Structure formats: structure tokens, C-alpha cells
2 protein chains.
Amino acid sequence: MKQALKQFSDYIVANGLKFTPQRRLIAEVFLRQVGHLSTEDLYDRVRKEDSSVGQATVYRTLKLFCDSGLAKEVHFGDGMARYESSANTNHHDHLICIGCGKQVEFMDSEIEKLQEKLAERNGFLMTSHHMYLYGVCPACRKK
Amino acid sequence: MKQALKQFSDYIVANGLKFTPQRRLIAEVFLRQVGHLSTEDLYDRVRKEDSSVGQATVYRTLKLFCDSGLAKEVHFGDGMARYESSANTNHHDHLICIGCGKQVEFMDSEIEKLQEKLAERNGFLMTSHHMYLYGVCPACRKK
DNA sequence: TTACCTGCAAACAGTTTGCAGGCCG
DNA sequence: CGGCCTGCAAACTGTTTGCAGGTAA
């Protein structure tokens, strides 16, 4: 079993929960994805492999992913939650094209350092952050 | 008439729309606020001065604020839009306490510069960004 | 066996929209 | 006077929840 999936099943067992076929399937499909996934996307993909799975189960399982540390919820400001695996991928931020919606993920340790400094300057102990840069991508700039 | 309010009425007239009492009231109440305001907050405040105003009008007027450049929509990831005046206040980002929800607004030109550089490095022309830092505020750290 | 889970559908919260009447310009 | 606006309520969208039956351990 892959590492991330094992981490999930361990979490489940450790908390007296059950590692059901649905949870396994949802986790497998989710972990296959490199970037982020909306709940609906994930639901559609899961249903392609087992059409009997309910939407509520997907929602509930995604919550479980977050609790277990397997996934993280991210928001792009369009009133729809998205999730990304925090097991395979490292922390990153988002660069989003306002023309075509293309998304680039990046990480800049210099910015990260400044953020922590800034939080500290305000007396805060920083635990996490979200950063979204919006702009026009190379392809859209040519149009 | 205050500058920001004038900007709004100008925009309205310029687009062949009407500067109605409701729009005026909503704008006045909105502009009175220093930080950000949820739609519901604004609705409640407006109703204290004129209880006949409908919720839909507040929603529609907030959209109009955004179109006119008077306000900007911001998201904190709790599934509820908030708006802040872009007329009186300069651009800023948010530092949010995960303990008590306290919010500090800040602006750091060093970070801003790095963000633009980064976007450019990816071929993007940056137009805007959102940055949210989450952490524990001084008061909550002591608990 | 017995929690815990599931799918379903109803419930929810925030937001949008259709409509009949009202009012600004 | 005519087109834009309004309040109301119904519709919508993403998400959550109650329930009765099913199932992992």
C-alpha cells in the first residue's frame, strides 16, 4: 500500500473508525491527482469507478482527509472548496491567470520568511498562510 | 458629498443607471466602515436606518460597488464574501488569529515586490493578489 | 455484536433571480 | 413616460445532517 494511503488508514484505525471500501476508493482517486481537486471533480471521478458512492460520503471523507493531515482545504474565492494532498506535495502557493484560469503552483522561501517575520512583528505566531497571485499568463498576454 | 460617494454616483450616471435613495444609503453606511464588512453586517446596519431596504438590493449594490471600483470582494475561506472599500483604504493583506478570529491588516512593500518578481519569472503580468497569514495572536498565545 | 458507515433526501446558508409594481430622470 | 430599481419570495449552489439500513472489526 502506498505511503499516503497507509497514513490514512492508520489514522482511521487509531481513532476507532473503519477503513471502508468507499474511503479506500475515494482516497486512491484523490491521491492520484497531482494538483487540487474540487469536491465535485472528485465525486465525478469516484463515480466512474463505483457509481454507487454518494456525494455526502465524498464530502465526509474529504473532511476526514483534512483531519488526518492527508489533505488541505484551499479556497480560490469562487465559493467552492478545493482540496490538495499535503502528503505527496509540499506546501505551495498559487498563481492564477484571470484570462484562462490556468494555475501555476509555486513556493518562494524568501517570501515565506518575510511573512513569518511580519507576523512576529505583530506578536503573532504564524501557523499557515494562503497566497494567491492573480495576473495574465503568457498565452493570454499575446491575445 | 464625500469624494468616494461622488465617485460612485458618477459611475452610476455614466452608465445610464439611477442614483436611488437605497443606493445612496447603502453606500454611506458602507463607506463609514473602516475595515471589511460581510453582506449580512451591511444589511443589518442599513436596516437600522431604513428597515424597508431588501437584502437583494444590498447584494446588488455591493456588486455595483465592485464594478465601480469603490469596493473589493475579499474571502476569508468561511464561505461568506466580505467587502472592503478600496476608495478610502489602501491595499492591504490580512493577518488572522485562528484562536479568536481577530484580524490585523497590513501592507509590506518588500513582500509585494517579491510577488511581482515571482509572477514575472513565470511569464505572468500580475494584476492583484490576496495574502492571508494565519496564526495565534498575542492574547491567545498567553492562554 | 455493535459502533461506525452509507446512500438518500431533506435541510441549510449564502447568494442570485423572476416578477409585478414603483420611481428617477 | 420609459427604462431602470425595488422588495419579495422562490430558485440555486455548495455543503451538512437526520435517518434507516448495512457492514467492518
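Every chain is numbered from 1, with letters handed out A, B, ... down the list of sequences. Every value quoted in this text rests on a predicted model; they were computed, and no experiment measured them.
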Expressed as a whole number of angstroms, how long is the span from [X]:[atom1] to [N]:[atom2]?
{"X": "B:Leu17", "N": "C:dC24", "atom1": "CG", "atom2": "C1'", "value": "12 Å"}
{"X": "A:Gln55", "N": "C:dA10", "atom1": "CD", "atom2": "P", "value": "15 Å"}
{"X": "B:Asn15", "N": "C:dG25", "atom1": "CG", "atom2": "P", "value": "14 Å"}
{"X": "B:Glu73", "N": "C:dT15", "atom1": "CD", "atom2": "P", "value": "8 Å"}
{"X": "A:Lys63", "N": "D:dG14", "atom1": "NZ", "atom2": "P", "value": "16 Å"}
{"X": "A:Arg60", "N": "D:dC19", "atom1": "CZ", "atom2": "P", "value": "13 Å"}
{"X": "B:Lys18", "N": "C:dC23", "atom1": "NZ", "atom2": "C1'", "value": "7 Å"}
{"X": "A:Tyr59", "N": "D:dG14", "atom1": "OH", "atom2": "C1'", "value": "5 Å"}

>> Can you confirm whether B:Glu49 is buried at CD, in the sense that more than 12 heavy atoms of other residues, nucleotides or ligands lie under 6.0 Å from that atom?
In response: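 Yes.
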Listed nucleotide nearest any side-chain atom of [X], set [options]:
{"X": "B:Glu40", "options": "D:dA25, C:dG14, C:dA9", "value": "C:dG14"}
{"X": "B:Gln22", "options": "C:dG14, D:dT6, C:dT15", "value": "D:dT6"}
{"X": "B:Ala81", "options": "D:dC8, D:dT17, C:dT15", "value": "C:dT15"}

> Aromatic rings B:His91 and B:His129: how do their planes relate, parallel, tilted or perpendicular, breaks at 30° and 60°?
Replying inline: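 Perpendicular: the ring planes of B:His91 and B:His129 meet at over 60°.
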> Given that A:Met80 and B:Thr20 both sit by DNA chain D, which one's nearest nucleotide is further toward the 5' end?
Replying inline: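 Nearest-nucleotide comparison on DNA chain D picks B:Thr20.
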> Are A:Phe65 and A:Phe8 an aromatic pair by the rule of ring centers under 6.0 Å?
Replying inline: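 Yes, the ring centres sit under 6.0 Å apart.
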> Looking only at heavy atoms, what is the nearest atom pair of B:Tyr43 and B:Gly54, with distance?
Replying inline: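 Reported closest heavy-atom pair: CE1-C, 3.7 Å.
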